[in-house]
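Structure first, then comments.
Lettering of chains follows the sequences in order, A, B, ..., and the numbering in each one begins at 1. We use all heavy atoms of the structure for the numbers below, so side chains are in, but hydrogens, waters and symmetry mates are not.
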Amino acid sequence: MSNTRLNWLVGGEAGYGIMTVGEIFSRAFVRGGYYVVAHTEYPSLIRGGHNLFQVRIDNTVIRAPIRPIDMLVALNAETVGLHLDRVVPGGVVVFDSKSFEVAQQRDDVTWRDVPLAQLVKDLHLPKVTLNMVAMGASVALIGYDLGVLNDVIRDFFKDKGEKIVEENVAAATAGHTYVTQHYPEAYKGGLPTVGKPDRMTLTGNDAICMGALKAGMKFIAIYPMTPTHNIITYMAAHKADYGVAMVQPEDEIAGINMAIGASYAGARSMVATSGGGFSLMVEGLGLGGMTENPLVIIEGQRPGPSTGLATRTAQGDLRFCMHASQGEFLHVVFAPGDPEECFYHAFDAFNLADKLQTPVILMTDKHLATSYFTTAPFDTTGLTIDRGMLLTHDVPADFDRYVSTPSGVSPRTIPGPPGGIFNSNSDEHDESGYVSEQRRIVATLVDKRCAKYFTAASMIDGIKYYGNPAADTILTGWGSTKGAILDAMDSLRASDGADLGFLQVLFMSPFPSEQVRTTLAGKTVILVENNRGAQLGGLIKEHAQIRPDHTILEYDGRSFYADDLARRIKEVL
Amino acid sequence: MGDAHRYDVPDTWPTWCPGCGNFGIWHAEKNAFAHMDLNPETTVIVAGIGCSGNYCYWTKTYMLHGLHGRPIPAAQGVKLANDDLTVVVHAGDGDTYGEGLGHLLHAARRNINISVFVHDNQVYGLTTGQPSPTSMQGTTWKVAPEGVIAAPVTPLPLALVAGATFVARGFSGQNEHLSMLMERAIKHKGFAVLDIAQPCVTFNRVNTWRWWNEHVYRLDETDHDPSDYGQALLKAQEFGDKIPIGVMYETDKATFDDTYRALNEQTLAHVPIDNIDVEPLIKGQY
């Protein structure tokens, strides 16, 4: 009998290419018919420190990492010390006794000594191919198809030339051959390929970039900051094909002001950052709100305050994003929970920004932004560009840029067409855009900008519900915890027959008050958040007058393991 | 030659103090625009905050009245989105040399094709008279009775060293000369910095009309060669008994915006976005 699932972890020092493992190893199993969730943990260092990539593989849908490890691949002794207690009884530990000493402290696991470094040396390959040897050896120990892995390696390195491709394939093959010769018995009977589905393996950042490109984003200003830095990598690879201007500004203040300028001139524009960079952008956010210029802001959260944990995850910026900037205007803030939502909501964000003529903030976090997930190919039929009340020609003679309307949105011109001249004004202004401090005019324009809150609320569907609508107990959360919550629900249903519901809040502002109240009223509510302050819980109390019965919070810089979350839910059931 | 009144905003009049140096800048620019016959509908003035930023209310072109210190970044975004536009920044010495000095230097090294006109009156006027980054060392103010301790920012040498390809100083009191400098800055292909000496008649009791008239001399009446970087660097630093006005440096180099134009046949603002094909990106994730 063969195996159906496996949790694999590779750990070692930075500099061994561990970061490329997640994408290659994940894709190899997805191409063979499996679902994966792969996440990385690493300190903010270029060399040294402990880096890991964990790849969870299953033949049914999975959405989050779990704690128990079936196969631990240690590229140094520290990895064994840190993670041995997570290896399941009967699990496998791969180590390299020629490179480091390991005390084999558990006799309920199988220790597999593979001379990874020696194999690299024997083949005269560069040291960075050690990760390939480790993957090849792992594929043999798992009893999976080396051909699929090597195909993925070829695709991954094809732009770097034949020599690099062959070096990496040779390394993977060497690891595989060594294991086949020395340890021919596969873990739990082997993990066969089960199909050749068209499924994507991608990160939240990848999906956001794809949605933005589909939406016709033409200008992006992005100062490097973890965890949105690899948006730069993605856009750099595709900007020429899609005619995108990407600027690396001197700071996030310049970035957001550039993006507002580009948007004012008519190009769909975006910035991406984390909490620290967003702090610098806050005055620019207000400029966008006051001048009513569309803009999409990606805020990938990491633990703060200040520098915090630069390479870890958290959901601590919710209230900050909702209330950033002095003064009062509509904040549109929403939080996709998986790559699929990242794609469709990034696309929608540009339409919303145009239709509402205001900045739109899309929140992710390090876990969603940089972990790999398996997703069905995005369906782009029906994705329609809507630029709202943008006037590109035939400007009416009585054009007033900021004319007061019930929706709060007014016709907008961009430089070029005759008759469209106006002042996109950061000072309070009248309907034409001319500066004004008259009481009646001030109040009218404040009302206009705030009216957009209700217009926005009418345009969006702020929640999603999963599970039995009649369930007595409902989990609620937002953003990247979605995966762990859904996986925990699945496992609690299987293990305990627990009948739970999950209310995912997608829009944080405007807050879907009525939908949240109706869904949660009279139920036992369990709040799950990756922060200390239960910030969504506060919003639910404020807007829906419901106090969650139980609160499960994690704020140690890590995302929830689905099995840990299931256990914590079970404790309060 | 067009009509300078084409750029008037009807039924308005500036709120600057009588005698303010801004009037000279205003007239000089409208005359420059008229001389170039600039289309107001394809001209964008990006303004900062202060008496200088309020400039945007009284000239009829497209306007983006941005944040204090940040008009240069916003102007770069405008230009990159649509390089058919003429983009001019109007900002003060507080905007450009205080809050936004970093932006000036980075825009200069990009050599992006916009002009920056700095209303340099060496004082924060709208906030009633605090010394600015260009206030002269030792000058005394109500809020600095002991005298300004720090040396002033030297914007023109900084712009030169950072890579600006057109560097000049004008004087609000020499209107035709200033108008000519503005026209040259706008026509220059690349990043143009024009520092404009401008008395604040209400709060700056040192650098008055008389003071400036006694100190300035015109570079085009000397043998200064604006193509000579070394000479330019010396002239840009000259700020003592005599202060040069005119073009200190002009050179021709590739601009940042040209690279982006090469990506698209149309400007980014006008390229169609209705049917963008991302299927190759989707398949790229298999």
Proximal to chain A - members of residues 279-286 of chain B, heavy-atom separation under 4.5 Å
B:Glu279, B:Pro280, B:Leu281, B:Ile282, B:Gly284, B:Gln285, B:Tyr286

Taking every heavy atom of A:Ser325 against every heavy atom of A:Gly286, the minimum-distance pair comes out as OG-CA, 3.5 Å

Quick one: what part of A:Pro197 sits under 4.5 Å from any heavy atom of chain B, side chain, backbone, both or neither?
neither

Identify which part of A:Phe219 has an atom lying under 4.5 Å from any heavy atom of chain B, answering side chain, backbone, both or neither.
side chain

So for A:Phe378, is it side chain, backbone, both, or neither that comes closer than 4.5 Å to the heavy atoms of chain B?
both

Contacting region of B:Leu105 [heavy-atom separation from chain A under 4.5 Å]
neither

Whatever's closer than 4.5 Å to a heavy atom in chain B on A:Ala259 counts as neither

When heavy-atom pairs shorter than 4.5 Å are enumerated against chain B, which of A:Val247, A:Ile421, A:Ile260 gives the highest number?
A:Ile421

Tell me whether the guanidinium CZ or amine NZ of A:Arg199 lies under 6.0 angstrom from the six-membered ring centre of A:Tyr35 and within 45° of its axis.
yes

Under a 4.5 Å heavy-atom cut-off, does chain B meet the side chain of A:His429, its backbone, both or neither?
neither

Given a strict heavy-atom distance threshold of 4.5 Å, which part of B:Lys60 is in contact with chain A: side chain, backbone, both, or neither?
both

Quick one: of A:Cys209, A:Ala265, A:Gly255, who has the most non-hydrogen atom pairs under 4.5 Å with chain B?
A:Ala265

A:Val244 portion near chain B, given a 4.5 angstrom heavy-atom threshold:
backbone

Select one option (side chain, backbone, both, neither) describing which atoms of A:Asp251 are under 4.5 Å from chain B's heavy atoms.
side chain

Which atoms of A:Val30 are under 4.5 Å from chain B, going by heavy atoms: the side chain, the backbone, both sets, or neither?
neither

Under 4.5 Å from a heavy atom of chain B, the part of A:Asp206 involved:
side chain

What part of A:Ala215 gets closer than 4.5 Å to chain B, counting heavy atoms only: side chain, backbone, both or neither?
backbone

